[in-house]
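To start, the structure under review is shown below, and the notes come after it.
Below, all heavy atoms of this structure are taken into account, side chains as well, without hydrogens, waters or symmetry copies.
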There are 2 protein chains.
Amino acid sequence: MAEQVVPDIVIGRLPRYLQALERMRLEGLQTTSSLELGQRLGISAAQIRKDLSHFGEFGKQGTGYSVEFLIEQLRAILHLNRLWDLALVGVGDLGSALARYQGFTNRGFRIVLAFDNDPKKIGKRIGSLVVEDSATMPERIRQTGVKIAMLTVPASVAQQVTDCLVEAGIRAILNYAPIHLVVPPGIIVETIDPILKLQHMTYYLD
Amino acid sequence: MAEQVVPDIVIGRLPRYLQALERMRLEGLQTTSSLELGQRLGISAAQIRKDLSHFGEFGKQGTGYSVEFLIEQLRAILHLNRLWDLALVGVGDLGSALARYQGFTNRGFRIVLAFDNDPKKIGKRIGSLVVEDSATMPERIRQTGVKIAMLTVPASVAQQVTDCLVEAGIRAILNYAPIHLVVPPGIIVETIDPILKLQHMTYYLD
DNA sequence: TTATGTGAAAGTGTTCACAGCC
DNA sequence: GGCTGTGAACACTTTCACATAA
């Protein structure tokens, strides 16, 4: 049970499994079951077993899963056995908060480049990062080979900055601008817009 | 075609329709079609028509939809014909960035309360907000009747703060802590964890 | 006995395609 | 002619339930 195309919706759950497992490891658990993992995440045991079965047989009947082993397998599947470099594009309030966030490193990521087009911000230091001029962005991204960008620029320029990032070799964009980005096939975009989530919730409130 | 239970996945798309329509209005468009709206969002025309049909017949055959009218209908459906008050819990880097974000107001929300337990932050002003002591949180939330909270506290305390919020009458939580929150039935939680999205994307990169 | 991995069944969601109306 | 609203067809996802193995 290995080389089918695994549904994207399954891939989307794997990082959550990984997160729960890492928490279990921290708590000293050595073994777990689909039932226990599911209860922690609000997901059915059957779904967890089915999801994992796309990639191999990681459990032992009667026993469950080794926490450590399953973490390693998930990290391999998600290509997290390396540290991924990120470019931060736009260093406003949100970009600055992301630049200071300590939670990236032990989950597989680090910001290595930061850009802004505001002369007041260029040269500014945030931790070990120095904000660089957006004008040099394509060159610097190509030089460093960074493949993932976090986009925290105003919506009004998000699409044109995106085009520029794609042209420079970026292959995945985490978009914080409240707008749908158009990209060529093969480029991955995920959008985070908290207000869409708030508006989703208000449907259920009165 | 009105009073079925509308699938949650449909509700989740409505805010995106609203966002695209508001952009169209800004551009001066008075009329649109399911095709045009879909192209802007990367969604099929059939799906948009089907989604809207859960709530009524908003279009005219041969003509399409009035942008202004459809905006009004969606705002009514999502209960956005009022301004929703928000409580911000945790005023670290991310919480501060949210407090300063200008994009809430014209999409139906405003932050009216902010809390932290760090004495250095209590009393601090951010725009018109004053950071209050977490100890007074339940009382203040009850007084003001705020129903929605944005949770930007460390993962280690997120669950206990959540319990406290629910006890105080909060009915919806936008959770920024990288952890699965457990809440009683009827309480709505949406989680925003950028690293889950990054880890989802790396599956497709090499 | 316990808990996995998995076909089959059930349940959801999306797209098709066209009657009906502007 | 153009575009909506919608049953029917299709596709996808989840759950069930059990043979199998530790």
With sugar-phosphate meaning primed atoms plus P, OP1 and OP2, does B/Ile9 contact a base, only sugar-phosphate, or nothing at under 4.0 Å between heavy atoms?
sugar-phosphate

Between B/Gln47 and B/Asp51, does a side-chain hydrogen bond (donor to acceptor under 3.5 Å, both in side chains) hold up when you go through it step by step?
CA-CA 6 Å; B/Gln47 176 151 85; B/Asp51 284 354; 4.9 Å; no

From the options D/dT13, D/dT4, C/dT6, select the nucleotide whose nearest atom is closest to the side chain of A/Pro7.
D/dT13

Take atom [atom1] of [X] and atom [atom2] of [N], then tell me their distance rounded to the nearest Å.
X	N	atom1	atom2	answer
B/Glu57	D/dG7	CD	C1'	14 Å
B/Leu35	D/dG1	CG	P	18 Å
B/Ile43	C/dT14	CD1	C1'	12 Å
B/Glu36	D/dT4	CD	P	10 Å
B/Phe58	D/dT4	CZ	C1'	13 Å
B/Lys50	D/dT4	NZ	C1'	12 Å
B/Ile48	D/dC3	CD1	C1'	13 Å
B/Gln47	D/dG5	CD	P	15 Å

Determine: side-chain N/O of A/Ser34 to OP1/OP2 of C/dA3, distance under 4.0 Å, yes or no.
no

Quick one: is A/Tyr65 getting a side-chain N or O under 4.0 Å of the C/dT2 phosphate, OP1 or OP2?
no

Could you check A/Arg13 against B/Asp51 and say which one's nearest nucleotide on DNA chain D is further toward the 5' end?
B/Asp51

With DNA chain D as reference, determine whether A/Arg49 or A/Val10 sits nearer its 5' end, using the nearest nucleotide of each.
A/Val10

Parallel, tilted or perpendicular: rings of A/Tyr203 and B/His79 (30°, 60°):
parallel

B/Arg107/A/Asp193 under salt bridge (charged side-chain N to carboxylate O under 4.0 Å, His left out): CA gap, chis, key distance, verdict
CA-CA 12 Å; B/Arg107 293 174 76 192; A/Asp193 184 344; 3.1 Å; yes

So does A/Val112 get a backbone contact from the side chain of A/Asp85, meaning a donor-acceptor N/O pair under 3.5 Å?
no

Measure all distances between protein nitrogen or oxygen atoms and nitrogen or oxygen atoms of nucleotides 19-22 of chain C, and list the pairs falling under 3.5 Å.
from: C/dG20; atom 1: N2; to: B/Gln61; atom 2: NE2; distance (Å): 3.2
from: C/dG20; atom 1: N3; to: B/Gln61; atom 2: NE2; distance (Å): 3.4
from: C/dC21; atom 1: O4'; to: B/Gln61; atom 2: OE1; distance (Å): 3.4
from: C/dC22; atom 1: O4'; to: B/Gln61; atom 2: O; distance (Å): 2.9

List the steps and the verdict of salt bridge (charged side-chain N to carboxylate O under 4.0 Å, His left out) for B/Glu27 and B/Arg40.
CA-CA 13 Å; B/Glu27 293 169 12; B/Arg40 293 215 180 193; 2.8 Å; yes

Between A/Asp8 and B/Tyr204, does any side-chain donor sit less than 3.5 Å from a side-chain acceptor?
yes

Are side-chain N/O atoms of B/Ser34 and B/Arg49 paired as donor and acceptor at under 3.5 Å?
yes

